Amino acid sequence: ADTIKVGVLHSLSGTMAISETTLKDTVLMMVEEQNKKGGLLGKKLEAVVVDPASNWPLFAEKARELITEEDVDVIFGCWTSVSRKSVLPVIEELNGLMFYPVQYEGEESSKNVFYTGAAPNQQAIPAVNYLKDELGVERWVLAGTDYVYPRTTNKILEAYLKDMGVAEEDIMINYTPFGHSDWQSIVSDIAKFGSAGKKTAVVSTINGDANVPFYKELGNQGISSEDIPVVAFSVGEEELSGLDTEPLVGHLAAWNYFQSVETDENEEFITQWQAFTNDPERVTNDPMEATYIGFNMWANAVTEAGTTDVDAVEQAMIGQETPNLTGGIAVMNKNHHLSKPVLIGEIQDDGQFETVWETDGVVPGDAWSDFLPGSKDLIADWTDPLKCGNYNTKTKSCSGQNY
Amino acid sequence: MQGLRETFRRDQVWPFLAGEQNKVDVSNQMILYVEGLNLSFDGFKALNDLNLYVKDGELRCLIGANGAGKTTLMDVITGKTQCDSGTVYFGQTHNLLTKDEADIAQLGIGRKFQKPTVFEEQTVFDNLELSLKTDKRVIQTLFARLSPSEIDRIDEVLAIIGLKELRFMKAGALSHGQKQWLEIGMLLVSDPRLLLIDEPVAGMTAQETERTAELLTSLAGERTVIVVEHDMEFVRSIARTVTVLHQGSVLAEGTMDQIQNNKDVIEVYLGEEAAEA
Amino acid sequence: MISINKVSQLYGGTQILWDLDLDIVPGSITCIMGRNGVGKTTLMKAIMGLLPIKSGEITMGDEALHKQSAERRAYAGIGYVPQGRDIFPMLTVEENLRIGLPVRKSKEIPEKIFELFPVLKEMLHRRGGDLSGGQQQQLAIGRALVLEPKVLILDEPNEGIQPNIVKQIGDVILKLNEEEGLTVILIEQKLGFARRVGKEFRLMEKGRIVAADKMENLNDDLIKQYLAV
Amino acid sequence: MPVKLFLSFCLFLSAYITPALAASAETDALLQQLTQTKLSKMPAMVHQLEATGDESLLPVFRAWLAGDLHYTRDDNILVVEVDVNGVDTYQDPYTQATVAGLTSKQVRKIKVNNKLRGLLRGVIARIQLTSSDADVRESAVRALLADIDDETFATLERIYPTEPNKDVREMMHTALSIYTAQDQNSSQTVRLAAIDVLGDSLENDVRNVLFSLERSDNEVISNAATQALVSINRQVERYALVDQLFFGLSLGSVLLLASIGLAITFGVMGVINMAHGEMIMLGAYTTYVVQLLMPNYIDYSIWVAIPAAFLVSGLMGVVIERLVICRLHGRPLETLLATFGISLILQQLVRTIFSPLNRQVSTPSWMSGSWEINPVLSLTLNRLYILAFALLVFFALVMILKKSSLGLNVRAVSQNRNMAKAMGVRTEWVDAMTFGLGSGIAGIAGVALSQLTNVGPNLGQAYIIDSFMVVVFGGVGNLLGTLVAAFTLGIANKFLEPTTGAVLAAILVLVFIILFIQKRPKGLFPQKGRAAE
Amino acid sequence: MSKLINWFTEGRSSGKYTLPFVVLLLAVTVLASAANLLLPQDSALYVSTYSITLLGKYLCYAMLALAVDIIWGYCGILSLGHGAFFALGGYAMGMYLMRQIGDRGVYGHPELPDFMVFLDWKELPWFWLGMDQFWFAMIMAVVVPGLLAFVFGWLAFRSRVTGVYLSIMTQALTYALLLAFFRNEMGFGGNNGLTDFKEILGFDLQSDSTRVSLFIITALILALVLLASQRILSSRLGKVTLAVRDAEPRTRFIGYRTERYKVWLFVYSAVIAGVAGALYVPQVGIINPGEFSPINSIEIVIWVAVGGRGTLIGAIIGALLVNYAKTRFTAIMPDGWLFALGALFVLVTLFLPKGLMGLYGQLQSKRRQNAEQEVQS
Ligand SMILES: Nc1ncnc2c1ncn2[C@@H]1O[C@H](COP(=O)(O)OP(=O)(O)OP(=O)(O)O)[C@@H](O)[C@H]1O
Ligand SMILES: Nc1ncnc2c1ncn2[C@@H]1O[C@H](COP(=O)(O)OP(=O)(O)OP(=O)(O)O)[C@@H](O)[C@H]1O
Ligand SMILES: NC(N)=O
Ligand SMILES: [Mg+2]
Ligand SMILES: [Mg+2]
């Protein structure tokens, strides 16, 4: 082929379009930029966009279409874990290559996927540490949308908190359906839970659409960030842009990136983005940075490998380093997860986050949580001699590979 | 009255031993008992302590002012409407009030509606086939086949109702009068024991009315027929016993002559002129 | 009053009316007769504008009716009592009567209607659909009269009506015709009634008018030829 | 370097500020330091400032708390950011005089985080204890309840006897009791008396104190605290029930708003209107656009948005009716297919025009916050307004359908189109108006929903199922049924939720509806009569 | 048995296009399969495995559409919840496939599926027992949807819930199931559902031959279901069905227990949907609660309407066409395909009131008319 094809597998319609469309545009922008720089290996990049329409089986079908019909060399795609799970067997069967740019629950490491979003230890654990150490939180509400990412994250957090000596009755866990919009009772329950004389915080793994009504209700019931701070893992600049943030000032989020971080790279990225979307108000967010890092690493790896061949690129990926937008260097580890800094920010009235805390250096992403009984003993290492995504250090065995 | 009731006792010693039987017990020569029927709609009394007894094989005409409750009575008999109180027995043993429409139909009570209702999307022939007296359970219907005798029967009825040429026409495309005929045909083909016929000749020409009269008269004897009609000429031509309903109860009963000279009936129903005619 | 000129009409593929011509004498009562299914109702619907015609003209005075919508025809002065009554079943009797009021720009139901049909007053607040067939028929006529029409179309108005009311309806028709000069088109199967009320007759067969004359000239030959089965 | 800066600061001050308002030199130095301090060191600074400063620092503290306190990049001068007609301008914190020529690029923000906010609130409250406004004093005391140190106690004790306002006095009494109850040095009887006082208060902080007292070693105190808590909890529970009822009514009002439009287009006209949700969505987007057009009048934007949304959705309804629905008379099931297609098109349309992202709709200030009946029972204002609004819309609609000829005509048309025509009813006009009315009302619902939830392309999808459920549960064609159904489902849901959780509550409500329909196959308020069979 | 075959062959005349259609369907299936397995990849006529899998999926949808058409088109029961039966069948198959993974999951647990391991389940819930047996799982794939349809139908039809009330209740049913299956506590993998299947009956799910086999099996079952349904609907039972659709009360008055007819037809239809679901899952590789979404069920109804309600072939063609359009549109015009699909639905309703099959009928009758005119002139 005379071009290198980049598949883009993000929902442009349906419930997830709200989040994923941005990532499609990000990839298109990166492709354009790369082509301005002369492409890769002397070839132009060509983006192939499809719409899996927030329909999970369709993700698998479209992944197959991209790889077998369109012969793409790499795919940037997926947001929800279920879409990734749906695509995974296809990618592994056809030996494709995919970059997944969203924070997720971990418990996975595939040879054919690079995870550039945060694993729980790069988001949830530091956030809890911050609340405990800096704000003196003793009582915890783990509120999430009822699906696997919040479930797993909360399992990890629960184990972690209990390890730290938090009593059972000081942890409240609450799950709501997707798109839950009536938060009156839950917010009022949280308020009640928080009026027991101990500093209380909410750790929110509430998913996209349900957030706006959740925060609106928080604001209306007058729960301020000083009373009960909420730290969220799925609320970024983009979600805030759909909200009047005035009443929410001071609530928190933990990410690896905030638009407000002042670095030259970030400034350039924001300018580029706003020019690309032709919208001077357009915000950036963490999954975009993850896409950015993933794309740059891939470009470097291809250059290094001198080919787009998946196996070669996959090996070249490991150890790749690219600058983060927030400063410092991201590194791709042997487990296909990144080492990245963790930032905690407070919501400001202009819809941005202000960094109030960050890790000293980078934190390596952990594919298998140390706080889940099933995965304590698992590690992922895609270099020789192990070459396994879930190596059990106890039984010294590797299972679940699809090839 | 008490004695009468005693005569009409229809209790059995062990009713459940009798099992499911569709035989109509007419040992008292009565096929339909309607007693003390009451029914009101939002306070309006449509049926008011109505009593009606119909002999087996009789042809009974039911007349009465518009709104007297004739159609409603048929609704109660056929299970379409639940009454407030009263009893309706078919023969000695079948309490119709505890049965639903399908049961009642399978017992052999057929009905023609005041407003002709046929299966508009199906052909005239299919309409008749569906009405055949057959086993109407699901599986049996699935494997049912038209026997030659059934086909003959349908042809026969088609001839009677004059729709032979139109047998493969969709019933919805028939004119009002043709639908009336088709509905009569559906009744005939189902071979019922008791026919309830609501205004059969509405919209028919004089000659057609005559033919209908002949048809109904020929049916009586073997079957029991209850006809509701406002066309006095028609009623006169077929009637033996006439029952007049008024405001939900029986106003008068007797031969046509008696009825025609009944003052009350003339006042509320016939009008002076019709009575003279 | 109304003249119909070479009207043809089809249902799907089958032609029902064949180049039909018909003149309605103003101020008269014209009785249209014919066997079941010859197209009487179809013709009335065509006049009312409820069925599109394929070709031909329908005029009333110098208005070309066939170019107008059904509701305009109601405003033009045609009242319609359909076969099968077509009461609005979930509206009360009063509401059924009120529907037509805007046509005459009035606010109240004319008292005359209750004089003609006292039952309607009794049943004023019952649902139209709950009435007995005969009561509905009276309502249908009353409803059409609310329009104070110039031409009243009655499609088998006596179907299912008790004898004294049939007579009464006949009287009403005659009275309206005589006192207010109402033109009436009446479809009727019962010869007796037709003879008593009708002034003109038209016989239909297979979608055409095959005989037209004054009612007194309706003889047994014609009846045998066109009405007997 | 700092000296130079300090000098320039003084120069700045002397140029702009009248000496009377100028803070002391010590304070100025501290404030200067502020621009250089790390977030973690700031709490100490706040205490120092409070100690040295006085009332004149109030505006600085306030601006800081609000995140509006900035300093110039070039010369570290403190300024306050104010929004003047949508433009950020910078003012001197003391005089409110505008500092000309500063843009947001030239200033840096003085950071503030949750911890600082808490501290600042305390400081402000202490300063405000002597405010002339009784409400301000009361909330100042309330703000201090959480941590009453010796100094605060002393101040309160000093001003308590002279406090003229009864409510403020009561609040102060509570505050003093909190201190006394915890005071190890007081005698047991004094402490018990204080606990007794606390037993009457519903303040959250009071409960916190009692909780901690409950855990104290002193058994008498501990028992007294438990008793006080019991009596407080009894009250709290009673109010919780009221709260729950309100939640239910509120959810009901949302359901009602979302479904009234459908009660017309579907219930009365019989159109299975899958695009109903998108009509709601259009209303919500209209609110957004209205707010875009009048950014400085957000408080009034709703009054413009309501008629605008009615018109936009209503007109869209008319267009849809004229172009599509009118050709489907007598084929009600096919309206499902066509309107589903329309809903896809409308969704994609707003995605294309407004982007797939949620849009921000602000809440007018008069709708924000809550009506605090007491510390444990407060009803959020926006929901209160929406509840009232829903009822208003409902009764307005009922009046329209009852009093105007439209109501009668549309029912006639839906029951027998041809006969209605023959009676002179302009059926096409009636159809268009009715569909427009139903859609317009959906649009109005969108305005209300924009205050509660996402304004995005999926807004409509989120409500369509519920809307159908409500209309059907209430009985198709019966507006009152829709009302009752909406509130029944809302309340049922909210009373289930605390015991079962949100997901199971939703499932149980659905199962309840399914079983209910077995009992009443035509909904809560079935159409009656012969024709309904 | 021979009686049954007799009965089967008897009704052939009534659906005169059914047999040719079945022949066509099977011919295409055989040719496509052969082209995939026998031709080299670079041949012009080679049919990719992607296409085969896609076709297999379409055929499952077609079967589902057929199921809806049987009750909606012929019996007038508009089910807005048929996706539920489809999904239940799919879950039964999914559970079987999940159990087949055995200890090859990422955690290497011999019994528990991965999602149970990391959510800390200790043992297999009772309703997973036996699902490792293919025959048992397949029985469940028809029994569970059938039973649900029976209970629901029995309740609803007995109480004479009809029209929109019934439709919305079916919607409530699938919606409730959607919410329930989303719950992780239910033990069906929550939102993620079941995925990462490895093999079916020992055959590798990723191999071409397995995929082709699944495709062929789907086509065969579809053909069988079509023939059986055609036969049922052309029997007298079919006539009763139509009668129920057009005038249910009248049907009761001539002695048919219409609710029983409706229940059994509903169950029959649900079973077909369940079978379709069971065939669907191994071909697409995932089953999750999204399949219960009410919007999915509405879409099925729309396939039927596009193809032509009340014609079995129409339902099949509608499902194939709409899904093909979706596949193409989402790739060709990812940003605007909803416009195209939405417009397609609107235009079909407006201009093809009887769907595509109606169009065919119209053309036929026009041709006949033209011929007649020629004869006359
Ligand atoms: N479902 C119902 N709801 C309310 N009223 C009803 C209902 N059914 C019947 N009625 C009333 O009961 C009375 C009797 O009606 P019915 O139809 O039995 O009269 P009928 O004797 O058949 O009259 P006709 O000769 O005009 O057909 C009428 O006044 C009618 O309004
Ligand atoms: N909707 C329709 N589709 C097709 N054909 C129809 C339709 N309605 C009526 N017809 C046919 O048109 C012819 C005329 O019907 P029409 O109703 O006008 O008859 P009619 O003269 O009023 O008869 P009747 O005295 O029975 O009322 C009939 O043969 C009928 O079969
Ligand atoms: N991986 C997530 N956020 O679903
Ligand atoms: Mg009657
Ligand atoms: Mg007629």
Side-chain angles (χ1 to χ4, degrees), chain B residues 22 74-75 77-81 99-113 115-123 125-146 150 170-172 179 182-183 185-187 189-192 196 198, chain E residues 1-11 13-14 70 73-76 150 153-154 157-160 228-268 309-311 354:
Chain B
N22 280 8
M74 292 196 171
D75 285 348
I77 294 173
T78 52
K80 182 173 184 220
T81 305
K99 300 192 178 350
D100 65 12
E101 299 99 312
D103 271 335
I104 293 172
Q106 287 184 5
L107 280 176
I109 300 184
R111 174 170 183 191
K112 185 207 152 298
F113 289 82
K115 181 171 180 276
T117 39
V118 294
F119 303 116
E120 311 228 334
E121 284 295 310
Q122 305 200 48
T123 62
F125 187 90
D126 286 346
N127 267 278
L128 294 175
E129 180 187 341
L130 282 175
S131 313
L132 279 171
K133 180 176 186 171
T134 49
D135 193 334
K136 288 179 174 155
R137 282 173 295 176
V138 179
I139 299 295
Q140 282 72 7
T141 308
L142 175 59
F143 294 106
R145 260 188 266 178
L146 270 179
E150 282 172 334
K170 287 234 169 111
K179 282 181 191 165
L182 176 56
E183 227 196 341
M186 289 166 74
L187 252 188
V189 87
S190 74
D191 197 18
L196 304 174
D198 206 351
Chain E
M1 193 65 209
S2 68
K3 244 188 183 167
L4 200 69
I5 291 171
N6 253 343
W7 172 80
F8 222 105
T9 44
E10 228 169 53
S13 59
S14 47
I70 288 169
Y74 289 85
C75 197
F150 181 79
W154 187 74
F157 299 137
R158 197 196 38 146
S159 321
R160 302 200 179 164
S229 306
Q230 183 62 56
R231 182 63 192 97
I232 289 175
L233 292 171
S234 59
S235 72
R236 186 180 296 162
L237 186 134
K239 290 177 188 170
V240 176
T241 306
L242 291 184
V244 168
R245 180 188 71 186
D246 296 330
E248 187 179 351
R250 186 72 179 95
T251 317
R252 272 199 287 264
F253 283 115
I254 54 178
Y256 294 98
R257 305 198 142 275
T258 56
E259 63 276 7
R260 294 198 186 157
Y261 283 81
K262 290 189 349 180
V263 169
W264 286 116
L265 213 63
F266 196 60
V267 169
Y268 175 68
R309 175 187 175 207
T311 55
K354 291 192 172 149

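Keep in mind that what you see is a predicted model, and the values were worked out from it rather than measured.
Salt-bridge annotation for R250(E) and E183(B): present, with a side-chain N of the basic residue lying under 4.0 Å from a carboxylate O of the acidic one.
For chain E, the nearby part of D100(B) is the side chain; its heavy atoms alone come within less than 4.5 Å. With a 4.5 angstrom heavy-atom cutoff, S190(B) does not touch chain E via any of its atoms. At a 4.5 Å heavy-atom cutoff, I139(B) makes no contact with chain E through either its backbone or its side chain. Contacts between E259(E) and chain B at a heavy-atom distance below 4.5 Å involve the side chain alone, from C-beta outward. Heavy-atom distances place no part of T258(E) under 4.5 Å from chain B, backbone and side chain included.
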Verify side-chain contact (heavy atoms from CB on, under 4.5 Å) between V138(B) and R257(E), making sure each step is shown before the conclusion. CA-CA 8 Å; V138(B) 179; R257(E) 305 198 142 275; over 6 Å; no

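At a cut-off of 3.5 Å, with distance as the only test, a side-chain donor of Y261(E) or T141(B) sits close to an acceptor on the other residue.
Side-chain atoms of Q122(B) come within 3.5 Å of backbone atoms of K239(E) as a donor-acceptor pair (strictly under, hydrogens ignored).
Counting heavy atoms from C-beta on, the side chains of F253(E) and T78(B) come closer than 4.5 Å.
Between I254(E) and K136(B), the shortest heavy-atom distance links the atoms O-NZ, 2.7 Å. Shortest non-hydrogen contact noted between Y256(E) and A102(B) is O-CB, 3.5 Å. Taking both residues in full, the closest heavy atoms of L142(B) and S235(E) are given as O-CB, 3.3 Å, listed atom of the first, atom of the second, then distance.
Residue-environment remark: NZ (K99(B)) exceeds the threshold of 12 foreign heavy atoms within 6.0 Å.
Among E120(B), R111(B), E129(B), E121(B), the residue with the largest count of heavy-atom pairs under 4.5 Å with chain E is E129(B).
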